[in-house]
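All remarks here apply to the structure that follows.
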Amino acid sequence: MPNYTPCEQICYVLKRVPAGCVVSYGQLADLAGLPGRARLAGRCLKETSQNVPWHRVVRADGKLAFPSGSEAYEDQERRLNREEVVITRGRVHMQTYNWKPDIYTILAELPF
DNA sequence: CATCTGACCTAAT
DNA sequence: GATTAGGCCAGAT
């Protein structure tokens with residue numbers, strides 16, 4: 001991935017996450033080649049101007065990162081429900097919806 | 001320059 | 001479950 005900023009790498013990977021699936025901030029960072037940089041993933045989603053499926057990113061335990069009841073929380077929940085992703089007690093069932101294809105498969109499909 | 005603050009994570013209590 | 005501690009690190013104060 002030549003000349004890509006960390007944030008761009010993260011956005012790139014996120015755009016590949018299909019509807020109906022979710023990934024955690026940490027996984028997103030890992031897949032973007034930035035292990036241990038979960039917080040960076042969060043910052044990027046907050047600051048990027050790119051059109052990315054941000055609502056498909058949740059915490060590692062499946063909980064939505066926003067305070068429950070907040071505007072953003074409700075928005076994310078609606079968007080996920082629209083994609084048939086069920087949320088119970090504020091959490092996504094990771095075992096069912098987590099997107100975790102093999103990292104080498106992803107790298108092999110990179111368009112470079 | 002020191003400290004605080006996060007759309008975070010893991011491991012250990 | 002809930003909490004704590006340590007790791008992470010770019011911005012803001």
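Note that the coordinates shown come from a computational prediction; the quantities given were computed from them, not determined experimentally. First the proteins, then the strands, lettered A, B, ... as listed; each starts at 1.
Side-chain atoms of R56(A) and R79(A), non-hydrogen and from C-beta on, never get closer than 4.5 Å to each other. K63(A) places none of its side-chain heavy atoms less than 4.5 Å from the side chain of R89(A). The closest side-chain heavy-atom distance from I87(A) to R91(A) is not below 4.5 Å. Two residues are said to be in side-chain contact when any heavy atoms from C-beta on lie closer than 4.5 Å; Y73(A) and P67(A) fail this criterion. Between D75(A) and W54(A), some side-chain heavy-atom pair lies under the 4.5 Å cut-off. Between L80(A) and L64(A), the closest side-chain pair of non-hydrogen atoms falls below 4.5 Å.
Among the candidates D61(A), V58(A), V86(A), N98(A), the single residue satisfying the side chain to side chain contact (heavy atoms under 4.5 Å, CB included) test with V92(A) is V58(A). No option in V23(A), V22(A), V57(A), V52(A) other than V23(A) meets the side chain to side chain contact (heavy atoms under 4.5 Å, CB included) test with V17(A).
dG6(C) and dA7(B) have their P atoms separated by 23 Å, given to the nearest Å.
Under a cut-off of 6.0 angstrom, the local environment of CD in E47(A) is crowded, with over 12 non-hydrogen atoms contributed by other residues, nucleotides or ligands.
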Show the distances under 3.5 angstrom between N or O atoms of the protein and N or O atoms of nucleotides 10-13 of chain C.
{"unit_1": "dA10(C)", "atom_1": "O4'", "unit_2": "R43(A)", "atom_2": "NH2", "d": "2.9"}

Between protein and nucleotides 1-4 of chain C, what N or O pairs are separated by less than 3.5 Å?
{"unit_1": "dG1(C)", "atom_1": "OP1", "unit_2": "R91(A)", "atom_2": "NH2", "d": "3.4"}

Quick test: give all pairs of protein nitrogen or oxygen and nucleotides 9-13 of chain B nitrogen or oxygen below 3.5 Å, distance rounded to 0.1 Å.
{"unit_1": "dC9(B)", "atom_1": "OP1", "unit_2": "G26(A)", "atom_2": "N", "d": "3.4"}
{"unit_1": "dC9(B)", "atom_1": "OP1", "unit_2": "A60(A)", "atom_2": "N", "d": "3.1"}
{"unit_1": "dC9(B)", "atom_1": "OP2", "unit_2": "A60(A)", "atom_2": "N", "d": "3.1"}

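Rounded to whole angstrom, the span from the NZ atom of K46(A) across to the C1' atom of dA7(B) amounts to 8 Å. Remark: C1' of dC9(C) and CG of L34(A) are 12 Å apart, rounded to the nearest angstrom. When rounded to the nearest whole Å, the span between CH2 of W54(A) and P of dA7(B) equals 13 Å.
Side-chain polar atoms of E83(A) and H55(A) form a donor-acceptor pair below 3.5 angstrom.
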